[in-house]
Amino acid sequence: MSKVLDAKVLAVYQVAPETYYMELEAPDIARLAVPGQFVHVRCSETQEPLLRRPLSIHMVSRPKGVLALLFRVIGKGTEMLAQRQPGDLVNLMGPLGRGFTLPLPGSRVAVAAGGIGAAPLVFLVQELANMKCQITVYLGAKDKKSVLCDGQFEQMDAEVVIATDDGSLGWQGNVTDFMGRHMDWRRTAMTYVCGPKPMMQGVAALLAEADVPGEVSLEEHMGCGVGACLSCAVKISHHGKVTNKRACADGPVFPSWQVVWD
Amino acid sequence: MKPNLQVHIGSMLMANPVTTASGTFGFGPEYAPYVNIDQLGAITVKGTTLEPREGNPTPRLVETPAGILNSIGLQNPGADYLIEHYAPYFRELKTNVIVNIAGNTVEEYAQLAAKLDPVQGIAALEVNISCPNVKKGGMAFGSDPAAAAEVTQAVKNATSKPVIVKLSPNVSDIAAIAREVAGAGADALSVINTLLGMAIDIRQKKPLLGNIVGGLSGPAVKPVAIRAVWQVYQAVSIPIIGMGGIMAAEDALEFILAGATAVAVGTASFTNPRATLEVLEGIERYLMANGIADINQLVGAAQP
């Protein structure tokens, strides 16, 4: 069950432009978390900003009781969070949401990450590697400086394919185009996607065309984080019927073929 | 000695004056990991309509200074689903469950009230005549004294449960509406619903909410809400549930001193999922520290 607690900051540093890594002591959350879930973080001590920020769980170390976040500074809340120092307390709710569905052990899987979307996929690849899966990570970024987590994925014995918009590292272009040209879908048991909406929509279209399963991790403006306020509605099609689901509680991870993209 | 915290909202006895604001607490189970719900005086659950509703387009939520704008648009699974899936849970709770009801027409309000009347586990109905996020019904009823009275009377005639009418602050004279609604038989009033507001994205040059306008809540609205409770208390003698920007016990006490018998914690639950219980604990501490034996002594104590 989800908890609300004050977690001690163990480390915080910048890893890429506007991107920060933060380690927190949160054994109760680390123990329960599964890949794809998030924590709802109180970034401010005051009423400004008022709402928490949902941040995906980047990694956990269950033996050490440590939870790691990787986040982009995009506004006041994340800016305040990035300024926390080791020893400070950060109030967290979590783990929250429905995570990724794991494949059979030893499966061949594809993981597609766009920008900061790499954050939750490191935790996923951690688990997939433990399950002896054969993993290929398709990692997209704006440029060389913004490529995230490539070293971590490689350390976990995943094959890493990098695509940058400006071609400063790896293939020039976006991940979707690369996958469209080079993927052998018949040999891929499962594809996991997290990134900007156009990228997820693009990969979801490839998956639909190849008629193979995948999962995407969606983002929408969130309020409560627990399924109460219905702010983070996403359109999901199930047996031909489209309904609003809650990204926070019914997701953030959804089957790629069920998402209705606007 | 422990002070008395019991209050009456019509015939409904609350063990303490703290409930939740409709729409901020789901149907209860959402917050069960963080709060022992039975410790609250009541929970007020998500606005319910006869038929299921899908609500408004996203984005449905925008942060503003010390507040939030929402335009959920009464998304809810409908009355049948509530009766089938949530009423059994409500019956297991020791606390009171207040169901917020909404409709497009007076008849719909009455039908819904009649449908919920025999349902055990529902302690009271809160009539939403103040939702700013729906085209029909909602605020249209709450801003016209005659229409507000008509809805109130129709719901009263359809149910034996206590009827609480939730008032809109988006009116020129809230006391006049309160008098009409009280005259039509309401057992209590919820004061206030959200304030109609709007925000614009200056980069995209477009409104930030999918529905363009939404309801403002959070600390930013508290002074407006306190004023409304103050005026309504002077206008009617039925109990008031005060709400609007309560983040801590000190805020709740302001509402009680202005004239609220009970208080609802709303947006604060998003910031702190334990806010409801922390407000309750703070009220109790205040009573003890000030040697006040009964919370009811404090209701409207700031009034002349």
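A note on names: the letters A, B, ... follow the listed sequences, proteins ahead of strands, and every chain is numbered from 1.
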With chain B as the partner, which of A/G227, A/C224, A/G223, A/S44 has the greatest number of non-hydrogen pairs under 4.5 Å?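 Option with the top pair count is A/C224.
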In terms of heavy-atom pairs under 4.5 Å with chain B, which of A/Q47, A/H40, A/K76 leads?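 Going by pairs under 4.5 Å, I would pick A/Q47.
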Counting only heavy atoms not in [X] (residues, nucleotides, ligands), do more than 12 fall under 6.0 Å from its [atom1]?
X: A/Q14; atom1: CD; result: yes
X: A/K245; atom1: NZ; result: no
X: A/Q258; atom1: CD; result: yes

Output the distance between atom OG (A/S231) and atom CZ (B/F270), rounded to the nearest 0.5 Å.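 The CZ atom of B/F270 is 6.0 Å from OG of A/S231, to the nearest 0.5 Å.
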Hey, are A/K235 and B/E54 close enough for a salt bridge, meaning a charged N less than 4.0 Å from a carboxylate O?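 Salt bridge flag = no for B/E54 with A/K235.
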Taking the side chain as every heavy atom from C-beta outward, state whether [X] and [Y] have any pair of such atoms under 4.5 Å apart.
X: A/M93; Y: B/Y34; value: yes
X: B/L61; Y: A/M222; value: no
X: B/Q75; Y: A/N244; value: yes

Check [X] against [Y] and note the closest heavy-atom contact, atom names and distance.
X: B/P33; Y: A/M1; value: CB-CG, 3.5 Å
X: B/N272; Y: A/R52; value: CA-NH2, 4.2 Å
X: B/T58; Y: A/A233; value: CG2-O, 3.3 Å
X: B/P219; Y: A/L50; value: CD-CD2, 3.7 Å
X: B/G26; Y: A/A228; value: N-CB, 3.4 Å

Donor-acceptor pair, distance only, cut-off 3.5 Å: does the side chain of B/R60 make one with the backbone of A/L230?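 The answer is yes, because a donor-acceptor pair under 3.5 Å joins these two groups.
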Counting N and O atoms only, with roles assigned by atom type, does the side chain of B/E63 sit under 3.5 Å from a partner on the main chain of A/L51, one being a donor and the other an acceptor?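 Such a contact is found between B/E63 side chain and A/L51 backbone.
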A/L5 versus chain B, the contacting section by heavy-atom distance below 4.5 Å: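 For A/L5, neither part sits under 4.5 Å from chain B.
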Against chain B, label A/K3 side chain, backbone, both or neither, depending on which of its atoms sit under 4.5 Å from a heavy atom there.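 It is the backbone, since no side chain atom gets that close.
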Would you mind checking which part of B/T24 comes under 4.5 Å of any heavy atom in chain A, side chain (CB onward), backbone (N, CA, C, O), both or neither?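 When you check distances to chain A, only backbone atoms of B/T24 fall under 4.5 Å.
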Name the region of B/F25, side chain, backbone, both or neither, that has any atom closer than 4.5 Å to a heavy atom of chain A.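 Contact with chain A is through the backbone of B/F25 alone.
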Trace of the side-chain contact (heavy atoms from CB on, under 4.5 Å) decision for A/C229 with B/N70: CA-CA 9 Å; A/C229 74; B/N70 87 76; over 6 Å; no
